[in-house]
Colleague: 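Before I ask anything, here is the structure I am working with.
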Amino acid sequence: MLNANYVIEFTELAKRLNYTETARALNMSQPSLSKHISQFEKDLKLELFKRDGNTLRLTKSGAELLPLAYRAIEAMEELDSKAHYLRRHPPAHLSISGLTDEGPSTEVLGFLISLLNSEYGANCLEVKRRYNKNPAEMLESGDVDIVFDPAPIDEVADDGSVEVLRVADLKLTVIVDEGNPLVAKGRIEVGDLKKATFVKYEGIYLSRSWCYIEEAFERHGFTPKTRSCLCSSIPELFALCAGLGDMVLVVVELRCSNSRGHQALLPRDRRGR
């Protein structure tokens, strides 16, 4: 990689063809300038200047490289100017996390992309995976602007720092092992699940939706029996389906509008971004 300062010093010396005058103009010592030009020639593996007696002149190689050197300096100045502008006017950026791969979320994301694309470009929208953090932690860190989450509204900060927008309702779906006696039933009623043991998945963000599952059964007069299971990812959660035994797994059915909520949370102080 060439030294940018050497490029500038090369063009200044090419203007004056005098080391002393050029060093004075650049506010540096003549020996330092000579050393830099010599190193620049070594880097390029080309001779840029030739001395004939007391006269300094550009070599043919130096003359051919000079226009490129000026263009390089202009590009560096443009780069510096653009960086200065971006420091004062950061590009638009919207960061989203949480349940971004569910039907209602992808519909909202598609709408946001179409809305923002014409003015800011599609790259202004960034989707981040943060399954190991809850919405409050993600928003508080400032790492994201919007979080899709099934958390109940009463868990949201009550200091006005977070706004909750209800996006959609999702239907609850029961998954049982093929050997479970419930499979023999043509239709499973809620009452049929009173004696069942439910997998209560913990350790991922989906565990926050368990309150909705518990609430649904309590409305039918019973509190579900549970067996906790640690899951670090969604694939691990659905791997449970291969060995449920007599347990019951409850998940949400995507692209439905019949039951508990799915919502988007965003910090109030960044809604204008």
Side-chain angles (χ1 to χ4, degrees), residues 82-172 200-215 229-238 250-257 259-273:
K82 184 66 174 181
H84 180 70
Y85 174 82
L86 291 175
R87 286 194 295 270
R88 291 182 291 118
H89 307 283
H93 183 264
L94 186 64
S95 183
I96 299 176
S97 188
L99 304 176
T100 56
D101 53 356
E102 291 194 357
S105 305
T106 56
E107 292 173 10
V108 173
L109 289 175
F111 170 74
L112 288 176
I113 290 174
S114 63
L115 186 67
L116 301 174
N117 184 53
S118 59
E119 185 170 355
Y120 303 109
N123 290 334
C124 75
L125 187 64
E126 179 185 11
V127 177
K128 295 184 177 180
R129 296 183 179 274
R130 291 290 186 273
Y131 296 154
N132 59 332
K133 293 183 180 180
N134 63 43
E137 292 173 332
M138 287 187 278
L139 294 171
E140 185 178 350
S141 69
D143 195 35
V144 296
D145 302 299
I146 300 175
V147 179
F148 288 99
D149 192 82
I153 293 178
D154 57 14
E155 285 191 19
V156 179
D158 57 5
D159 58 3
S161 62
V162 175
E163 180 180 7
V164 180
L165 302 177
R166 192 179 187 89
V167 174
D169 292 319
L170 300 176
K171 185 178 180 179
L172 298 179
K200 185 176 181 180
Y201 33 84
E202 299 178 349
I204 59 175
Y205 68 92
L206 281 177
S207 65
R208 297 169 58 76
S209 65
W210 178 258
C211 62
Y212 291 127
I213 298 171
E214 192 169 43
E215 178 187 296
C229 181
L230 183 65
C231 297
S232 60
S233 66
I234 293 179
E236 285 186 16
L237 174 65
F238 285 98
V250 180
V251 295
V252 293
E253 180 178 321
L254 305 184
R255 301 186 182 278
C256 294
S257 57
S259 194
R260 306 315 304 158
H262 182 70
Q263 59 199 25
L265 297 82
L266 58 159
R268 288 184 179 276
D269 59 351
R270 296 209 299 277
R271 281 183 295 165
R273 294 180 60 183

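These numbers come from a predicted model, not from an experiment. Here, residue 1 is the first one in the sequence, and each next residue gets the next number.
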Colleague: Checking side-chain contact (heavy atoms from CB on, under 4.5 Å) against Ser95, which of Asp145, Asp143, Val127 comes through?
Modeller: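 Filter result, single survivor: Asp145.
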Colleague: Taking all heavy atoms of Cys124 and all of Ala92, pick out the closest pair and write down the distance.
Modeller: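 That would be CB-O, 3.2 Å.
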Colleague: Please step through side-chain contact (heavy atoms from CB on, under 4.5 Å) for the pair Leu94 and Tyr120, ending with a clear verdict.
Modeller: CA-CA 10 Å; Leu94 186 64; Tyr120 303 109; over 6 Å; no
Colleague: If the condition is side-chain hydrogen bond (donor to acceptor under 3.5 Å, both in side chains), which residues does His89 pass it with, not counting sequence neighbours?
Modeller: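 With neighbours one apart ignored, the set is empty.
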Colleague: Heavy atoms, side chains only, cut-off 4.5 Å: are Leu112 and Ile96 in contact?
Modeller: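 With C-beta onward as the side chain, the pair touches.
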